[in-house]
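Notes for the one structure printed next.
Order of appearance sets the numbers: ligands from 1, and atoms from 1 within every ligand.
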Amino acid sequence: MSDPRVYRIAAIPGDGIGKEVVPAAAEVLDAVASAYGFGLRWDTVPWGCEYYLEHGAMMPADGIKTLRSYDAIFLGAVGHPDVPDHVSLWGLLIPIRRGFRQAVNVRPSRVFDAGLSPLAGVDPSVDFVVIRENNEGEYSTIGGRIYDGTDQDMAIQAAVFTRKGVERVVRYAFDLARTRRGRLASATKSNGIVHTMPFWDQIVEEIAEQYPDVERTRYHADALAALLVLDPRRFDVIVASNLLGDILTDLGSAVTGSIGLGPSANLNIDGQYPSMFEPIHGSAPDIAGRGVANPLGQIWAGAMMLDHLGERAAAAAVVDCVEWSLGSTGTRTADVGGSAGTAQVVESILARLKSRPPE
Ligand code: NAI
Ligand code: MG
């Protein structure tokens, strides 16, 4: 018999509820992994805001080098009331996303329980994925401010769209649409932004020629935002630039329900560096330390990690656990209408896995 597959995972629980939901999700992932004949070897690092308060840095100077050898990074959340958010973001998350060229941000949204959506009468079949460009675009540091403190003061910020960067994310989105319902919506704003956005549109058109089987529609991002609320069912895969994608991904998770449910994958698609998987929520200092955080967003992020590692069937089994938890026989935390704690949700999932092992 050959050796079982073992993946090396760097866990960064971070701060607040990250320290609760990461170990909770790891238990579920370990159980599913053993059912599917592979292993996860976890190394946990204590980086984050508490580390910052003690050491003056969010991670050690060689942090990126340390992470480089792992198969994937599993992140909880960073953020602490005593540390400014730009310090925690630029000291840990952005260096990882940029240092490891995690150029594609994938955020799925599904209605598991129509009662959780703020949209009245939302169709339970709503299921779409927003693909956001994660490394360039409007989030550049090119520009500056002059004449501060005078009435002539001004600010300029240049957006950077490279052919390589746009092609990479658009191609990923078309490939994904092909594995789903075959529909791609491209978010643009080429009516108002006259250089970068027509360039984006042009590249989408060029690549579309190689995907005649995918139905492609171009939407101005403002109209797309309205349609995500009015008719979310029409969307399958949505591809967008860094800024437009940031807004649409939050909107996407909002229309489907609790912030505690959504996952996010930061992908290095050429496989040169590890990718990073995290829930969309933050460290939730208001509920941290009480054992009541919803672990499902972190668990679903774990499913995306298994999928990325090539463990497709195990990934689907984990998503199934999330779906089951939100079904009529599942166990829920308070944010999704239940009264269970984090540990009880995990226990119920583990018990179900035991009684009905995945095929
Ligand atoms: P948040 O997502 O931490 O919390 C927003 C609200 O949702 C809170 O009321 C919280 O209790 C609730 N909530 C979030 N996750 C939950 C879960 N799993 N189960 C139950 N309830 C949940 O966003 P907020 O309050 O704006 O940010 C708090 C800190 O987190 C800040 O320092 C912020 O910078 C950081 N943050 C970090 C992120 C990351 O690490 N990627 C992302 C978003 C925020
Ligand atoms: Mg955002």
Side-chain angles (χ1 to χ4, degrees), residues 10-26 28 45-53 58-59 73-98 100 102 105-107 112-113 116 118 132 134 139 242 245-247 249-254 256-267 275-302 304-305 322 325-326 330-346 349:
I12 312 177
D15 306 303
I17 63 167
K19 289 190 284 197
E20 301 167 40
V21 293
V22 165
V28 171
V45 294
W47 308 341
C49 293
E50 274 172 29
Y51 187 91
Y52 174 85
L53 291 170
M58 291 290 292
M59 62 176 160
I73 302 162
F74 197 51
L75 176 85
V78 292
H80 190 285
D82 298 339
V83 179
D85 284 342
H86 69 269
V87 169
S88 49
L89 190 66
W90 285 85
L92 188 68
L93 296 185
I94 305 254
I96 296 174
R97 287 182 188 150
R98 298 207 168 170
F100 291 148
Q102 295 168 347
N105 181 213
V106 183
R107 278 204 194 175
F112 287 110
D113 173 355
L116 297 175
R132 166 193 178 190
N134 214 25
Y139 287 34
N242 207 335
D246 187 29
I247 297 164
T249 48
D250 271 32
L251 180 57
S253 56
T256 50
S258 165
I259 186 160
L261 299 179
S264 169
N266 300 276
L267 301 182
S275 294
M276 178 165 67
F277 302 84
E278 56 179 323
I280 61 164
H281 63 73
S283 56
D286 55 335
I287 59 163
R290 290 170 30 205
V292 297
N294 190 341
L296 295 180
Q298 189 78 50
I299 292 172
W300 193 0
M304 295 184 84
M305 180 169 79
V322 173
S325 279
L326 294 166
T331 303
R332 298 182 182 215
T333 46
D335 59 308
V336 285
S339 58
T342 313
Q344 287 165 286
V345 174
V346 169
I349 290 175

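- The two residues Asn242 and Arg132 make their nearest non-hydrogen contact at OD1-NH2, 2.8 Å.
- For atom 2 (O) of ligand 1, the nearest protein heavy atom is under 4.0 Å away.
- When the options Ala24, Pro285, Gly79 are ranked by their closest heavy atom to atom 28 (C) of ligand 1, first place goes to Pro285.
- Counting protein heavy atoms under 4.0 angstrom from atom 20 (C) of ligand 1 gives one or more.
- Ala25 pairs by the side-chain contact (heavy atoms from CB on, under 4.5 Å) definition with Phe74, Gln298, Ile299, not counting sequence neighbours.
- Per-atom contact check: atom 24 (P) of ligand 1 does not touch the protein, criterion being a heavy-atom distance below 4.0 Å.
- For atom 44 (C) of ligand 1, the closest heavy atom belonging to the protein is Gly282 CA, 3.4 Å.
- The nearest protein heavy atom to atom 38 (C) of ligand 1 is closer than 4.0 Å.
- The Ile259 neighbourhood of ligand 1 comprises atoms 2 (O), 7 (O), 13 (N), 14 (C), with distances under 4.0 Å to a heavy atom of that residue.
- With a heavy-atom cut-off of 4.0 Å, Glu278 touches ligand 1 through its side chain alone.
- Contact annotation for Ile17 and ligand 1: only side-chain heavy atoms (C-beta onward) come within less than 4.0 Å of the ligand.
- Every atom of ligand 1 is numbered from 1 in the order shown, and the set under 4.0 Å from a heavy atom of Gly260 is 17 (C), 18 (N).
- Under the rule for a side chain to side chain donor-acceptor pair (under 3.5 Å), the partners of Arg97 that lie at least two apart in sequence or sit in another chain are Asn266, Glu278.
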